[in-house]
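Bear in mind the structure is a predicted one, so any value in this text is a computation, not a measurement. These numbers come from the heavy atoms of this one structure, side chains and all, not from hydrogens, waters or symmetry mates.
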Amino acid sequence: MNLQIQPILAALKRHKAGTLLIAMQIALTLAIVCNATFIIRERLARVARPTGMVETNLLAIQNRFVGNESKSSEPLVKADLAALRQMPGVVDATAINSYPLRGGGWSMGVQLDPDAKKAITATTLYFADDHALATMGLKLVAGRNFRADEISWKDAQEVEAPAQIIVSKALADKVFPDGSALGKNIYIMGTPKPSTIIGIVERLQTPWNGTFADSFMEHSVLLPLQLTGSFGSYLIRTEPGRLEAMTKAVPALLVKTNRMRVLRDETGVRTFAQVREAAYKTDRGMALLMSVVCAVLLAITAAGIVGLTSFWVGQRRKQIGVRRALGATRNDILGYFLTENLLIGVAGVIVGTALAVGLNLWMVTHFEMHRLSMVYVAVGVVALLLIGQGAVLAPALRASRVPPVEATRSV
């Protein structure tokens, strides 16, 4: 098929406004859609990140004792844990200061030299007991768990680095890249007292899910400590199929054990599925918003191409009729409009590629975004060109059906 590029370019020069409008619309759509798709992928990847725990059949409770502020909560917590562990339907339970995706916790730097001015990395500190690994479903890949006799109780103001700790594999690999972390000493609280790594768990996420924590997202330390303050959390692992029933039975048991406590309805008793949903609510909302924006932009661009091409077909009916009278086939007319739209689309995606990269660089500078992969740009270019060709197909088919007699109707 003779594409007749020169006549097409000449025709486009006579319709500069419409041509420029569609080309810029394609360019802006490409720039926005590529970056929006990249953001969607990042948000969905964030939502899907594993915590390292077995999240099914896991119940999280935030507890606060009242009327006991001047005394240690140690006997109260021990009584709660004893009652919970004996409860039918409960596999195990632990008291802990925080847990993955909770949104708040302790963070400290990790050092190999106590006199070093800069930490190797940041880490989160989980104050746990010998039941934490089983309750959370953490996989121990090296070393051992804490023993019951190693667990100590401290006030938050008196916490110090313990002699033994368990770390996540990500933290172990960061501090000891050669894989020799087990049995080694590290410094985690800015004190000259070292802590020996006695165990390594496969994965354990920090309590935070914001971008500020991305650099140490799985750098976690379990300490054989329990806080004696009035506020804390319980994690309870239930038997399969008993989780829903336990969300009502466990709070009732705790109140029965000691009424002097507060369990907030909103966040006090939640399954871990609810914890995850709340933690990533913003990310899912952003992904949904960006998806809607992409869909709307693509629809507007396709509608613009359809509208402009239909307008041009109406203006050129006599010209098309003349071409048909001179021997042009329907395929020739169809190819003409498809090629014309393709040229506009190519011009648009060239400008759009530059805009997409520039927009991403701006977001990298101002919002700590990651660099846009050119794969997204390439896919976006192909997708927009295909959408453009699909959008112009219906008006082009109508143009190809213009009869030769149309050339004489206005004479």
Side-chain angles (χ1 to χ4, degrees), residues 41-56 58 60 94 96-114 116 118-129 132-146 161-190 194-225 233 235 272 275-276 279-280 283 368-371:
R41 196 275 303 173
E42 284 197 327
R43 297 287 178 166
L44 293 180
R46 181 185 297 276
V47 170
R49 286 186 305 200
T51 59
M53 302 192 300
V54 177
E55 298 179 11
T56 54
L58 190 60
T94 189
I96 196 166
N97 64 312
S98 190
Y99 48 84
L101 302 183
R102 178 180 170 271
W106 288 46
S107 179
M108 292 287 182
V110 176
Q111 299 169 254
L112 288 177
D113 181 356
K118 186 177 180 181
I120 297 173
T121 181
T123 185
T124 192
L125 304 181
Y126 290 122
F127 304 138
D129 61 12
L133 266 62
T135 303
M136 299 169 79
L138 302 178
K139 183 179 179 182
L140 195 66
V141 295
R144 65 173 178 86
N145 190 14
F146 299 129
Q164 300 90 15
I165 58 173
I166 296 173
V167 302
S168 63
K169 189 176 185 301
L171 178 60
D173 291 343
K174 176 68 175 180
V175 181
F176 299 97
D178 60 355
S180 63
L182 191 64
K184 295 293 183 64
N185 291 335
I186 62 174
Y187 299 85
I188 57 174
M189 291 189 171
S195 299
T196 303
I197 298 174
I198 64 168
I200 301 174
V201 293
E202 183 177 42
R203 175 179 281 122
L204 181 55
Q205 190 174 325
T206 67
W208 308 282
N209 66 331
T211 55
F212 75 93
D214 282 349
S215 61
F216 63 101
M217 182 53 62
E218 293 186 3
H219 295 178
S220 302
V221 177
L222 290 162
L223 292 74
L225 295 173
S233 297
L235 291 178
F272 201 80
V275 174
R276 174 175 281 277
Y280 289 118
D283 293 288
E368 298 182 358
M369 291 281 295
H370 292 98
R371 294 269 183 167

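- Taking 4.5 Å as the limit, some side-chain heavy atom of Pro100 sits within range of a side-chain heavy atom of Met136.
- Counting only heavy atoms from C-beta outward, the side chains of Leu171 and Phe216 never approach each other to under 4.5 Å.
- Proximity of a side-chain donor or acceptor of Arg276 to a complementary backbone N or O of Ala48 within less than 3.5 Å is not detected.
- A distance-only check finds a donor-acceptor pair linking the side chain of Ser168 to the backbone of Ser220 [under 3.5 Å].
- One finds the CE atom of Met108 at 6.0 Å from the CG atom of Leu125 (value rounded to the nearest 0.5 Å).
- With Ser98 contributing its side chain and Gly104 its backbone, the two residues share a donor-acceptor pair below 3.5 Å.
- Annotation: Arg144, atom CZ; neighbour count of heavy atoms from other residues, nucleotides and ligands within 6.0 Å is above 12.
- In the displayed structure, Lys139 atom NZ is contacted under 6.0 Å by at most 12 heavy atoms of other residues, nucleotides or ligands.
- Looking only at distances, a side-chain donor or acceptor of Arg46 sits under 3.5 Å from a matching main-chain atom of Asn209.
- The shortest heavy-atom contact between Ala116 and Gln111 is O-NE2, 2.8 Å.
- Residues forming a ring pair (Phe, Tyr, Trp, His ring centres under 6.0 Å) with Phe127 (at least two apart in sequence, or on another chain): Trp106.
- At distances below 3.5 Å, not a single donor-acceptor pair connects side-chain atoms of Thr196 with backbone N or O atoms of Ile198.
- When side chains are defined from C-beta on, Leu101 counts as touching Tyr280, because their heavy atoms get closer than 4.5 Å.
- Considering only heavy atoms from C-beta on, Val175 stays 4.5 Å or farther from Lys184 through its side chain.
- The side-chain heavy atoms of Gln205 and Met217, taken from C-beta on, include a pair separated by under 4.5 Å.
- Considering all non-hydrogen atoms of both residues, Asn185 and Phe176 come closest at O-CZ, 4.0 Å.
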Quiz prompt | Residue pair Val141, Val201: steps toward the side chain to side chain contact (heavy atoms under 4.5 Å, CB included) verdict | solution = CA-CA 5 Å; Val141 295; Val201 293; over 6 Å; no
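- Atom CD in Gln164 sits 8.0 Å away from atom CZ in Phe146 (nearest 0.5 Å).
- If you run side-chain hydrogen bond (donor to acceptor under 3.5 Å, both in side chains) between His219 and each of Thr206, Asp173, Thr121, Thr124, only Thr121 comes through.
- At least one side-chain heavy atom of Tyr126 sits less than 4.5 Å from a side-chain heavy atom of Asn97.
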Quiz item: Are Leu138 and Leu222 close enough, and set up right, to give a side chain to side chain contact (heavy atoms under 4.5 Å, CB included), and what steps lead you there?
Solution: CA-CA 11 Å; Leu138 302 178; Leu222 290 162; 3.9 Å; yes
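- No donor-acceptor pair under 3.5 Å is formed between the side chain of Ser195 and the backbone N or O of Ala163.
- Expressed to the nearest 0.5 Å, how far CG of Leu204 lies from CE of Met53 amounts to 7.5 Å.
- Glu202 and Lys169 get closest at one heavy-atom pair: O-CB, 3.5 Å.
- When all heavy atoms of Ala172 and Ile200 are compared, the closest pair comes out as CB-CD1, 4.1 Å.
- Considering only heavy atoms from C-beta on, Ile186 stays 4.5 Å or farther from Ile120 through its side chain.
- Considering only heavy atoms from C-beta on, Ile166 comes within 4.5 Å of Leu133 through its side chain.
- We find the OH-CG distance between Tyr187 and Asp113 to be 7.5 Å, quoted to the nearest 0.5 Å.
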